[in-house]
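Since the model is a prediction, treat every value here as computed from it, not as a measurement.
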Amino acid sequence: MLGVTALAVLASIGAEAPPNSFAVDVRPVPLNTTDPAQTRVGPLVYRGGLWLRSADPRFGGLSGLRVSPDGGQVVAVSDCGRGFTARLEYGPGGDLAGVRDATLTELLGPGGRALERDEIDAEGLAPSADHGLLVVFERRLPRIWSYGQAPPLAGFPEARPGPPFGDECGGNRGPEALANLADGRLFVACEGGGLEEQATAAWLGREGRWSSRSYPLEARETGFGDVFRPTGAALLPDGDVLVLERRFPPIEARVMRLSRDDLEGDGPLVPREVARLAPPLTLDNFEGLDVRRDASGATLLYLVSDDNGWGKRRNVVASRALQRTLLLMFELLPT
């Protein structure tokens, strides 16, 4: 399934090509480069992964992620103030195999104004109750805006009442994880700040009714490096929420689970580890997570990484371990 030949995929062809289309180079990646036969991490079964590259300098920095219920379309936001959409392709066995028809859209502000430099940092993405897309931004004035669904992220957004982020979620430690719960509430969690912190701010609620919760930042096991920080979230079919965490250094990622009962409580949140991705597995700065259920009833999990702009630098070595745009798919087995 996983070869090493790079496939140059033209995003759109011919007169029907949308004006924001661009070319993407797609390279399949194994779960474990030292053991290509490995296909499982705990209850996660690897169902294909892609390294996405483009000569277009606008591409990269992908954070929040959403995949359509049928698996045909992927939508992401970038911390450069853009929206990314593409069609997903699957192999005969249903494993992730490619992307096509890729487009980039500049995110606009209310009234259609261009975003200022310090307000482009889009980090989280979630569906809204009115069938739009909610985007959470960090840095200046952390906020939630609602964009249209068709086409995704195009048009003028509407500001939505968000949690009282305050100073604890300012700067580059702001809100990153965003999920829409089954009852219409939102789950929002900040990345968190200093290494001495044992928890970061999180909220559950809607409009002006927010419940403040704390999300734990696990202590460093080796005495050096960073703690795990929440960077993405998605609703499971049973009402639980998966939270993506990553740390660097050392580079690792975890998939955590918040139970429905925990989401109804009022104390500190208690996430449970589902799986951990650590070397020598294929890793990068994972910041986006989504979940869907396929026609057979399998629960599929998608991860995307933020390349921090390295994808558009010509001197990047092809085998570079970090700073890539990776899109991975797993099947989550029942536990």
Report task. Go through the steps for Leu153 and Leu125 under the test side-chain contact (heavy atoms from CB on, under 4.5 Å), then give the verdict. Result -> CA-CA 10 Å; Leu153 301 171; Leu125 184 62; 4.1 Å; yes
Query raised in the report: How many angstroms lie between OG1 in Thr33 and CD in Gln38, if you round to the nearest 0.5 Å?
Result: 10.0 Å
Requested in this report: Show your working on side-chain contact (heavy atoms from CB on, under 4.5 Å) between Glu197 and Arg173 and close with a plain yes or no.
Outcome: CA-CA 12 Å; Glu197 292 187 4; Arg173 60 180 185 177; 3.7 Å; yes
Query raised in the report: When the ring planes of Phe22 and Phe84 are compared, do they come out parallel, tilted or perpendicular, using 30° and 60° as the limits?
Result: perpendicular
Report task. Give a yes or no answer on whether the side chain of Ser54 reaches the backbone of Ala23 with a donor-acceptor pair at less than 3.5 Å. Result -> yes
Requested in this report: Determine yes or no for a side-chain-to-main-chain donor-acceptor pair under 3.5 angstrom, with Asp307 supplying the side chain and Gly60 the backbone.
Outcome: no
Query - Joint hydrophobic cluster, Phe187 plus Val274, side-chain heavy atoms closer than 4.5 Å - result: no
Query raised in the report: Do Leu62 and Asp306 come close enough that some side-chain heavy atom pair is under 4.5 Å?
Result: no
Requested in this report: Provide the closest heavy-atom pair for Val243 versus Pro230 in the form atom of the first, atom of the second, distance.
Outcome: CG1-CB, 3.9 Å
Query raised in the report: Would Tyr302 and Arg292 count as having a side-chain donor-acceptor pair, cut-off 3.5 Å?
Result: yes
Report task. Before accepting this row, confirm whether a basic side-chain N of the pair Arg87/Asp101 lies closer than 4.0 Å to the acidic partner's carboxylate O. Result -> no
**Report entry** Close side-chain approach of Ile120 and Leu107, heavy atoms under 4.5 Å
**Finding:** no
Query - Reported OG1-to-CG distance for the pair Thr200 and Leu269, which is rounded to 0.5 angstrom - result: 11.0 Å
Query raised in the report: Linking I/L/V/M/F/W/Y whenever their side-chain heavy atoms sit closer than 4.5 Å, directly or via other members, would Val241 and Leu300 fall into one cluster?
Result: no
**Report entry** Within-4.5 Å side-chain heavy-atom neighbours: Leu242 and Leu332
**Finding:** yes
Report summary line: For Pro163 and Trp210, the nearest pair of non-hydrogen atoms, with its separation, is N-CE2, 3.6 Å
Query - Check: Asn180 main-chain N/O paired with Arg185 side-chain donor or acceptor under 3.5 Å - result: no
Report task. Taking Arg139 for its side chain and Gly174 for its backbone only, find out whether a donor-acceptor pair lies under 3.5 Å. Result -> no
Report task. Give, for atom CG of Leu236 and atom OG of Ser259, the distance between the pair rounded to the nearest 0.5 Å. Result -> 11.5 Å
Query raised in the report: Would you find a donor on one side and an acceptor on the other, under 3.5 Å apart, between the side chain of Tyr147 and the backbone of Leu108?
Result: yes
Report task. Evaluate salt bridge (charged side-chain N to carboxylate O under 4.0 Å, His left out) for Asp294 paired with Arg47, printing each intermediate quantity in order. Result -> CA-CA 13 Å; Asp294 70 8; Arg47 298 289 305 275; 5.1 Å; no
Report task. Return the minimal non-hydrogen interatomic distance between Leu65 and Val74, and the atom names on each side. Result -> CD1-CG2, 3.3 Å
Query - Heavy-atom closest contact (Leu133 atom, Pro152 atom, distance) - result: CD1-CB, 4.0 Å
**Report entry** From Asp183 atom CG to Leu263 atom CG, the distance as rounded to the nearest 0.5 Å
**Finding:** 8.5 Å
Requested in this report: For Glu287 and Thr231, test the side chains for any donor-to-acceptor distance below 3.5 angstrom and give the result as yes or no.
Outcome: no
Requested in this report: Answer whether the closest heavy-atom distance between the side chains of Val255 and Phe330 falls below 4.5 Å.
Outcome: no
Query - Check: Thr105 and Pro151 side chains under 4.5 Å, non-hydrogen atoms - result: no
Requested in this report: Determine, using the 4.5 Å side-chain heavy-atom cutoff (strictly less than), whether Leu277 and Leu301 are members of one ILVMFWY cluster.
Outcome: yes
Report task. Classify the angle between the aromatic ring planes of Trp203 and Phe165 as parallel (below 30°), tilted (30 to 60°) or perpendicular (above 60°). Result -> perpendicular
Query raised in the report: Is it true that Asp240 and Arg260 have a side-chain N and a carboxylate O under 4.0 angstrom from each other?
Result: yes
**Report entry** Straight-line distance of Leu104 CG to Phe59 CZ, nearest 0.5 Å
**Finding:** 7.5 Å
Query raised in the report: If Ile, Leu, Val, Met, Phe, Trp and Tyr residues are connected whenever their side-chain heavy atoms lie under 4.5 Å apart, and connections chain through other members, are Leu235 and Val67 in the same group?
Result: no
Report task. Report yes if some heavy atom in the side chain of Glu273 is under 4.5 Å from a heavy atom in the side chain of Phe228; otherwise report no. Result -> no
**Report entry** Sequence neighbours excluded, every pair satisfying salt bridge (charged side-chain N to carboxylate O under 4.0 Å, His left out) that has a member inside residues 63-86
**Finding:** Arg66-Asp290, Arg82-Glu106
Report summary line: Closest non-hydrogen contact found for Gln149 with Gly132 is OE1-O, 4.1 Å
Query - Phe156 reachable from Val77 in the ILVMFWY side-chain graph, under 4.5 Å edges - result: no
Query raised in the report: CG of Leu181 to CG of Leu186: how many Å apart, nearest 0.5 Å?
Result: 7.0 Å
Report task. Applying salt bridge (charged side-chain N to carboxylate O under 4.0 Å, His left out), name anything that partners Arg160, two or more places apart in sequence or on another chain. Result -> Asp130
Query raised in the report: Closest approach of Gly109 and Trp145, non-hydrogen atoms and distance?
Result: CA-CZ3, 3.7 Å
Report task. Assess whether side-chain contact (heavy atoms from CB on, under 4.5 Å) is satisfied between Met329 and Leu88, documenting all intermediate values. Result -> CA-CA 11 Å; Met329 187 177 86; Leu88 296 179; over 6 Å; no
Query raised in the report: Using 4.0 Å as the upper bound for N to carboxylate O, is an ion pair formed by Arg247 and Asp226?
Result: no
Query raised in the report: Got Ser146 and Pro157 here, is their nearest side-chain heavy-atom distance under 4.5 Å?
Result: no
Report task. Determine whether Thr282 and Leu31 make a side-chain contact, defined as any pair of heavy atoms from C-beta on separated by less than 4.5 Å. Result -> no
Report task. Output yes when a side-chain donor or acceptor of Asn32 lies under 3.5 Å from a complementary backbone atom of Leu281, and no otherwise. Result -> no
Requested in this report: Any chance you could lay out the side-chain contact (heavy atoms from CB on, under 4.5 Å) test for Leu141 and Glu119, step after step, and finish with the verdict?
Outcome: CA-CA 8 Å; Leu141 297 177; Glu119 61 176 353; over 6 Å; no
Requested in this report: Sort out for me which residue in Arg229, Arg246, Arg276 forms a salt bridge (charged side-chain N to carboxylate O under 4.0 Å, His left out) with Glu218.
Outcome: Arg276
